[in-house]
Amino acid sequence: MAKVAVVFHSGYGHTLRMAQSVAEGAGAELVPIDADGNVPESAWDTLAAADAIIFGSPTYMGSVSWQFKKFADASSKPWYTQAWKDKIFGGFTNSANVNGDKHSTLHYFMTLAMQHGGVWAGTGLNYNNTKASQRSDVNYLASSAGPMAQTPGDASAGEMNSGDLETARLFGQRVAEVAARFRG
C-alpha cells in the first residue's frame with residue numbers, strides 16, 4: 001500500500017473537510033499548514049517518506065492562500081536535493097463561487113509538483129453535464145485536474161456539498177492506487 005500525505009491550508013474549515021475526504025479515500029496522513037503558513041518540523045519527514053503528496057488550499061484571489069505559498073516556498077529545501085522527485089502528486093481546492101478561478105489554484109499545484117520532478121494525477125472522473133445532472137453528483141464542477149468544491153460564502157464547512165466531498169474521497173482513492181502501481 002502506498003504512503004500518501006495530504007498537505008493543506010484551510011482558512012475557514014471547508015478545505016479541511018475536503019482534506020479529510022481525500023485522506024479517507026487515500027488512507028493518507030493529514031499535514032495541516034497553520035495560520036502562520038508553517039508545518040511542524042516532523043511534517044517534512046512525513047512528506048519525504050510519502051509515495052504521493054496531495055496539495056490542498058482554498059482559492060483566494062485566484063490562487064492558493066498565502067499560507068500555502070509560504071509552505072511551497074519552504075519546499076525549496078527538498079527541491080534542492082530532488083527529495084520529492086518521481087512522487088505522485090495531486091491537488092484540490094474550494095471557493096465560494098462556481099468558477100472562482102479554481103483552475104488557477106490547481107495549475108499552481110501542478111507547477112509546484114513539476115518543479116519537484118513529480119508525476120501529476122488528475123481525478124480520472126467523468127463529468128455530470130446532462131439536464132438530469134444534480135449539484136450533488138460526483139465531479140459536477142467537471143474538473144479533470146483535481147477536485148474542486150464550491151461552497152457559498154455564507155455556508156459553514158458542515159454545509160458543504162456531498163458530491164464535492166465524494167469527489168474528493170474518490171480522488172484520494174485514485175491517487176493512492178496510482179502511487180501503488182507506480183511504486184510497484
Side-chain angles (χ1 to χ4, degrees), residues 1-11 13-60 63-94 102-124 143-149 165 167-184:
M1 182 155 180
K3 290 182 186 176
V4 181
V6 178
V7 60
F8 70 98
H9 172 253
S10 183
H14 304 90
T15 309
L16 169 61
R17 283 215 53 213
M18 283 190 80
Q20 290 167 334
S21 293
V22 169
E24 177 187 335
E29 184 172 341
L30 291 173
V31 179
I33 299 168
D34 69 21
D36 295 320
N38 300 311
V39 295
E41 195 57 39
S42 63
W44 296 106
D45 293 333
T46 299
L47 295 168
D51 299 306
I53 298 172
I54 302 173
F55 300 136
S57 173
T59 296
Y60 292 159
S63 191
V64 297
S65 65
W66 73 262
Q67 290 91 340
F68 188 91
K69 177 68 167 90
K70 182 178 176 183
F71 160 79
D73 288 348
S75 78
S76 63
K77 187 173 182 181
W79 169 84
Y80 185 74
T81 62
Q82 293 292 283
W84 296 352
K85 186 174 184 175
D86 295 330
K87 291 183 185 289
I88 302 297
F89 285 86
F92 60 91
T93 189
N94 178 77
K102 288 185 273 294
H103 260 284
S104 295
T105 300
L106 293 175
H107 285 214
Y108 178 89
F109 292 151
M110 283 183 232
T111 301
L112 180 60
M114 297 306 108
Q115 288 180 342
H116 279 283
V119 179
W120 189 260
T123 63
S143 177
S144 298
M148 295 191 292
L165 295 173
T167 301
R169 189 192 69 74
L170 291 170
F171 173 69
Q173 183 178 7
R174 178 166 196 265
V175 171
E177 290 168 356
V178 169
R181 283 197 305 265
F182 193 74
R183 207 178 67 153

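- Minimum heavy-atom separation, Pro147 to Thr123: N-CG2, 3.6 Å.
- Considering every non-hydrogen atom in both Ser21 and Leu165, the closest pair reads CB-O, 3.4 Å.
- Heavy atoms only, all atoms of each residue included: Ala179 and Asp51 are closest at CB-CB, 4.3 Å.
- For the atom pair Phe71 CZ and Ser57 OG, the distance stands at 11.0 Å (nearest 0.5 Å).
- Looking at Phe92 and Val6, their side chains come closer than 4.5 Å, going by heavy atoms from C-beta outward.
- Thr59 places no side-chain N or O within donor-acceptor distance of the main-chain N or O of Thr105, the cut-off being under 3.5 Å.
- Below 30°, between 30° and 60°, or above 60°: for Trp44 and Trp84 the angle between ring planes is below 30°, a parallel geometry.
- A distance of 8.5 Å separates CD of Glu29 from CG of Leu47, quoted to the nearest 0.5 Å.
- The side-chain heavy atoms of Met148 and His103, taken from C-beta on, include a pair separated by under 4.5 Å.
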How far apart are the C-alpha atoms of Thr15 and His9, what are their side-chain angles, what is the distance that settles it, and do they pass the side-chain contact (heavy atoms from CB on, under 4.5 Å) test?
CA-CA 7 Å; Thr15 309; His9 172 253; over 6 Å; no
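- Formation of a donor-acceptor pair under 3.5 Å by the Lys87 side chain with backbone atoms of Ala50 is found in this model.
- Between Phe68 and Phe109, the ring centre distance stays below 6.0 Å.
- In this structure, CE on Met1 lies 9.5 Å from CD on Glu177, to the nearest 0.5 angstrom.
- Residue Trp120 qualifies as enclosed at atom CH2: its count of foreign heavy atoms under 6.0 Å is above 12.
- Distance check: Ile54 CD1 to Arg174 CZ gives 11.0 Å after rounding to the nearest 0.5 Å.
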Could you go step by step and tell me if Phe55 and Val64 meet the side-chain contact (heavy atoms from CB on, under 4.5 Å) rule?
CA-CA 10 Å; Phe55 300 136; Val64 297; over 6 Å; no
Ser75 and His116: CA distance, side-chain angles, deciding distance, side-chain contact (heavy atoms from CB on, under 4.5 Å) verdict:
CA-CA 9 Å; Ser75 78; His116 279 283; 2.9 Å; yes
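- Minimum heavy-atom separation, Ala26 to Val4: CB-CG1, 4.0 Å.
- Here Glu24 contributes atom CD and Leu170 contributes atom CG; the two are 10.0 Å apart, rounded to the nearest 0.5 Å.
- Heavy-atom minimum distance, Gly11 versus Pro58: N-CG, 4.3 Å.
- Side chain of Ser10 to backbone of Gly13: a donor-acceptor contact under 3.5 angstrom is found.
- The 12-atom threshold is exceeded at CD of Gln82, counting heavy atoms of other residues, nucleotides or ligands nearer than 6.0 Å.
- Annotation for Asn94 and His14: closest pair ND2-CB, 3.5 Å, computed over non-hydrogen atoms.
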Can Asp86 and Phe182 be said to form a side-chain contact (heavy atoms from CB on, under 4.5 Å), step by step?
CA-CA 9 Å; Asp86 295 330; Phe182 193 74; 4.3 Å; yes
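- With hydrogens and angles ignored, the 3.5 Å screen pairs no side-chain donor or acceptor of Asp36 with any backbone N or O of Asn38.
- Here the CG-CZ distance, from Leu16 to Phe8, works out to 5.0 Å after rounding to the nearest 0.5 Å.
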